[in-house]
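Below you'll find the structure, written out as structure tokens, and then a few comments.
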Amino acid sequence: MLLRIHQALQPDELAQVRELILGADWADGRITAGSQSGTVKNNRQLPEELPAAQQARHIVSVALARNPMFVTGALPKSVYPPLFNRYGGDANNFGNHIDNAVRTHAATARHVRTDISCTLFLSDPASYDGGELVVQDTYGEQRIKFEAGDLVMYPGTSVHRVEPVTRGERLACFFWIESMVRSDAQRRLLYEMDMAITSLRQKDLERAAQGAAESPEVVRLTGCYHNLLRMWAEV
Ligand code: NI
């Protein structure tokens, strides 16, 4: 499932993150690449121990934790601390690869299974050419270039790349999520069901304002959602 979250960062948060990271010292992107992806990775990355990276990561983490769409779509169990990358000049692309299945956070030795990959766009798309995130899925290739502040979540199992940036610069934040529900198909069903129930409950609330009782179907469907989650979740 590919999912877009509009304004995962509010404009003031986006401005703060950009200011923090633009002034920092960047390194070669291969610092976190695996052996296959290292041969096709050509970008720059912010070393995660830098104070600017820590502060920017905190802003992103707080924004995501309060976002109901993020929680509903990902059902996060564990989130790898967000990283930042930069494409432009000579370091401007990342060829086809699949992200490593398990990431180990160096500072804490904590493991995260990468069920979901995330990119949070940090540059105005009009300010650069190229730089599309291209994700291969069963419907073919999806070419993704969102507004600054928007986030895309896609299955960690996907082959993907970042097209060469031929003008300007593409700044982004990226990270991985281990979900309580490992299967993308099961997460998708839960997401669809959750969205439908939310819509039904909204209609129920409108009817309740006119004195009608809560509909028993909504209660039963909500129960089904939770019982499916109980069946599938690993916590
Ligand atoms: Ni990747």
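This structure is a prediction, so every number in the text was calculated from the model and none was measured. Sequence positions, counted from 1, serve as the residue numbers for this chain. Note that ligands are numbered from 1 as they come in the structure, with each ligand's atoms numbered from 1 the same way.
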Taking all non-hydrogen atoms of both residues, which atom of M193 and which atom of C224 are closest, and how far apart?
CE-CB, 3.5 Å
Could you walk me through whether F175 and Y80 satisfy the ring-ring contact (aromatic ring centres under 6.0 Å, His included) test, starting with their C-alpha distance in whole Å, then the side-chain angles of each, then the deciding distance to 0.1 Å, before giving a yes or no?
CA-CA 6 Å; F175 55 95; Y80 191 93; 9.2 Å; no
CG of L189 to CH2 of W232: how many Å apart, nearest 0.5 Å?
5.0 Å
Around the Ni ion (ligand 1), how many protein N, O or S atoms are closer than 2.8 Å?
3
Determine whether R182 and K77 make a side-chain contact, defined as any pair of heavy atoms from C-beta on separated by less than 4.5 Å.
no
If we check side-chain hydrogen bond (donor to acceptor under 3.5 Å, both in side chains) with D204, which of these qualifies: R201, R207, Q202?
R207
Candidates K41, Q36, H160 - the one meeting side-chain hydrogen bond (donor to acceptor under 3.5 Å, both in side chains) with H97
H160
